[in-house]
Peer 1: 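Here you go, one structure.
Letters go in sequence order (proteins before strands), and every chain restarts at 1.
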There are 4 protein chains.
Amino acid sequence: MGEKRNLHPLSDEQSAPVRDLAARERILATTLRVLSRVGYAKATIGGIAQEAGVGKATVYRSWPHKAALTLDAVRAQLPDIPVDDLDDSPREILAVARALAGLYGAPQVRAILPALISDAATDPELAHRLRTELVEPRRDRSATVLHRAVTRGALPADTDVLTLLDLWAGLMLFRSVVLCDPLDDRTVHSLVSAALAAPPRLP
Amino acid sequence: MGEKRNLHPLSDEQSAPVRDLAARERILATTLRVLSRVGYAKATIGGIAQEAGVGKATVYRSWPHKAALTLDAVRAQLPDIPVDDLDDSPREILAVARALAGLYGAPQVRAILPALISDAATDPELAHRLRTELVEPRRDRSATVLHRAVTRGALPADTDVLTLLDLWAGLMLFRSVVLCDPLDDRTVHSLVSAALAAPPRLP
Amino acid sequence: MGEKRNLHPLSDEQSAPVRDLAARERILATTLRVLSRVGYAKATIGGIAQEAGVGKATVYRSWPHKAALTLDAVRAQLPDIPVDDLDDSPREILAVARALAGLYGAPQVRAILPALISDAATDPELAHRLRTELVEPRRDRSATVLHRAVTRGALPADTDVLTLLDLWAGLMLFRSVVLCDPLDDRTVHSLVSAALAAPPRLP
Amino acid sequence: MGEKRNLHPLSDEQSAPVRDLAARERILATTLRVLSRVGYAKATIGGIAQEAGVGKATVYRSWPHKAALTLDAVRAQLPDIPVDDLDDSPREILAVARALAGLYGAPQVRAILPALISDAATDPELAHRLRTELVEPRRDRSATVLHRAVTRGALPADTDVLTLLDLWAGLMLFRSVVLCDPLDDRTVHSLVSAALAAPPRLP
DNA sequence: AAGTAAACGAGACGGTACGTCGTGTCTTCCG
DNA sequence: CGGAAGACACGACGTACCGTCTCGTTTACTT
């Protein structure tokens, strides 16, 4: 899985020529450090640049604004969704749900994701990257596991997998970020058993 | 009843825009206007004050920051949840779900709510007001309708009403705000019928 | 004579309202200090502002650029031309010439005037202020003395006073600033005696 | 052609290893073009390099800063002082004065010379080149003509030639650059006839 | 003729200053 | 005397150049 290879470029193509790749990595690492130290709102590009020992222009050359930089910085740090075939769909699904809960419950995500979503409201490019680079990969991997469960008969054939996943993601986002409730394992279990018992169906 | 007696009785109430409203009202109205014109990110307290014909200090006297001002301004404008007893729980529940969809699908909410949530991440006071003044009133009124359905037997006695509502709110928030998907009526219907058929249960 | 009164305003009219007059004075004083410490080229508005304990915006509110600020700062510090009637035109004229030599020979002027002239090349407003606030007042006062000499018969009636003064100023400027030659008293004496003996005549 | 042999070593002065001599010329030509288009203040080395189709380093390899580059670029463009023996000193001197007026009155000089003088205030090396490469050659040639006039008896034997020239240069510089007055031919004539009638004498 | 070292174009790099903007406080002055 | 108007200190913004540097790519001289 070549995730690691793809750390540096801003997007896949239009990336600017970069002489000192180390600078890029240093900036991303510093960004994570600064974000966790002072939070998104108080982080500044100037501050990150200075702490990374880099000119501001070097940051702006690669990222148009704080949100894009943040997105790149956190992207690789986020836990992924396990898709391993355990030959046991309930266990696999529980693992997926736990991974989602770990994601949406992570302090880093709770602190940063709302800001990214908020900035995305006025920046369609950012909104697109947020969806295609953060949300959809995880949604796809989660869906893989659920589709396998459908194939195995652990879920009905007309299970609305995407709605199920959006319900989960939404609830976790809502509870964790909006209500500031912790996502405990009981909640995760409830969601999984409810889903196995009566998942949403395609119309 | 406003504590403000009508100091300028001549103008009565046919007075067109905002000229002789109390400063507070004028500020809130201007805030809404500015927000819808330039968006949350580009709105500034100074700009709002100027447009409201008010000193900045007058704004700061009543609201500590833009988020609080925004919260007050939008609060009254948001559609509420209908709790009327129609003697028909499915119809009542559908009305609730539609109201929620209207809420989370509203352009204003999609543009502003993420910013408020984001700011709330670093301002517990704001987070608290967000929950108690925006979310919980609507959750309570929605729960009222669902509890009535339980009482009537339209939903099982051990229905987990709050989880059901959080699933709905979360899905709507996630789809509308994060995925930028529209909340169409088919989706609302699916949610309602799925809930009526197999709601989440208390553990 | 009310020179002192007129220290603060940028020009005579369009001056912005200023709350804290002390800030203005502090900025001008700091400007002089910084100029003499690091020179015109290395002085920065940000640095002056910081050293004056003032925001950059406060400086920009009153002066559009470094040159204007410098002009205001040095204006009052420059030696003036003595016009006192000594009942002895040769002595009066010598005093004028010495004052001019002191002016153009002053290290401060040698360091700053060229920069102002240079900036004035691309800023007609600055060029105008340079002429009307620095050059012409001194030229006028010098001319007063020479005209008095004409009246007294110490100079011929058709003496071209302005050309005489421009020859002096030019020579001093050229020798002191361009050639970096010192303006010694012998030179001044020569100029004065040559002028008394054979001044330039009006055509 | 022997130019090619002279790659790096025994060049004119301090050895500018230049492979492509054309580059040097192209840079100087571009410099003049840029200077006349945007002025000294807004000209940048990066911009000149780019417009000359040359790397910035290539410029820096030959000139330490904008002023030195400008000096080299304008040096060859400036009109020279005619020293031809016309067997008529008044006519020769008038030609000299006109050449000086053409020099100091040229828009290019008015725009650039103050900047060079200003930069020279903080760069002794530049100041030295300014004097030895721009001023003194012209002063020397002018002095040649005046000394010839002395030899011929058109000027007194104790004429202070250098002071006379500095008076002329200074007046022209002052009027043209500082006062923005045009140097018309009447002025030149006045200067010349006044000099012939009563030149400054050596002490 | 191939090999090698330099000078080259291009432009990324770490910096510094720019001039603007928004913040939240504080002062002036008007109605 | 309250409030609009906005000056104020502060600090981040994003841009422009600076002068240095590191890349390949010519180019001109070895061998």
Side-chain angles (χ1 to χ4, degrees), chain A residues 16-24 26-27 41-50 52-66, chain B residues 22-23 26-27 41-50 52-61 63-66, chain C residues 16-24 26-27 41-50 52-66, chain D residues 4-5 7-8 16-24 26-27 41-50 52-66:
Chain A
V18 167
R19 191 172 68 213
D20 183 3
L21 275 226
R24 223 182 167 75
R26 227 183 322 145
I27 291 168
K42 296 196 161 178
T44 69
I45 291 200
I48 290 169
Q50 190 157 8
V54 138
K56 275 199 294 176
T58 301
V59 179
Y60 281 110
R61 209 172 290 128
S62 295
W63 296 275
H65 40 241
K66 190 166 60 161
Chain B
R26 230 185 316 151
I27 291 168
K42 295 194 162 179
T44 67
I45 292 204
I48 290 170
Q50 189 156 6
V54 135
K56 281 200 295 175
T58 304
V59 179
Y60 280 109
R61 208 172 294 127
W63 297 275
H65 41 240
K66 189 167 59 162
Chain C
V18 166
R19 190 172 68 214
D20 182 4
L21 275 227
R24 222 182 167 75
R26 227 182 324 146
I27 291 168
K42 296 195 160 177
T44 68
I45 292 200
I48 290 169
Q50 190 157 7
V54 138
K56 275 199 294 177
T58 302
V59 179
Y60 281 110
R61 209 173 290 127
S62 296
W63 297 276
H65 41 239
K66 189 167 57 161
Chain D
K4 262 312 164 40
R5 302 280 323 248
L7 280 192
H8 30 95
V18 166
R19 185 171 71 209
D20 183 3
L21 274 220
R24 207 186 169 77
R26 227 183 320 145
I27 290 168
K42 294 195 163 178
T44 68
I45 293 204
I48 290 169
Q50 190 157 4
V54 136
K56 279 199 296 175
T58 302
V59 179
Y60 280 110
R61 211 170 289 127
S62 297
W63 296 275
H65 42 239
K66 188 166 59 160

Peer 1: If you measure from OG1 on C:Thr58 to CZ on C:Arg24, what distance do you get to the nearest 0.5 Å?
Peer 2: 10.5 Å
Peer 1: Write down the distance between CD (D:Gln50) and P (E:dG9), rounded to a whole number of angstrom.
Peer 2: 12 Å
Peer 1: So how far is it from A:Ile48 CD1 to A:Lys56 NZ, rounded to the nearest 0.5 Å?
Peer 2: 12.0 Å
Peer 1: For the CD1 atom of D:Ile45 and the CH2 atom of D:Trp63, what is their distance to the nearest 0.5 Å?
Peer 2: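 D:Ile45 atom CD1 to D:Trp63 atom CH2 measures 9.5 Å (nearest 0.5 Å).
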Peer 1: Compare side-chain N and O positions of C:Thr58 against OP1 and OP2 of F:dA9 and report whether any pair is under 4.0 Å apart.
Peer 2: yes
Peer 1: Could you give the CD1-to-C1' distance, from B:Ile27 to F:dG3, as a whole number of Å?
Peer 2: 11 Å
Peer 1: Rounded off to whole Å, could you give me the CZ-to-C1' distance for the A:Arg61 and E:dA10 pair?
Peer 2: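 So the CZ-C1' distance, A:Arg61 to E:dA10, works out to 13 Å.
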Peer 1: Return a single string for nucleotides 18-24 of chain E, one symbol per nucleotide in 5' to 3' order, where B is base contact, S is sugar-phosphate-only contact and - is none, cutoff 4.0 angstrom on heavy atoms.
Peer 2: BBBBSBB
Peer 1: Can you name the closest pair of heavy atoms from A:Ile27 and A:Ala52 and give their distance?
Peer 2: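 Closest approach of A:Ile27 to A:Ala52, heavy atoms only: CA-CB, 4.2 Å.
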Peer 1: If you find the nucleotide of DNA chain E closest to D:Ala52 and the one closest to A:Val54, which residue's nucleotide is nearer the 5' end?
Peer 2: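 Between the two, 5'-proximity favours D:Ala52.
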Peer 1: In whole angstrom, what separates D:Trp63's CH2 from F:dG19's C1'?
Peer 2: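 Those two atoms, CH2 and C1', are 16 Å apart.
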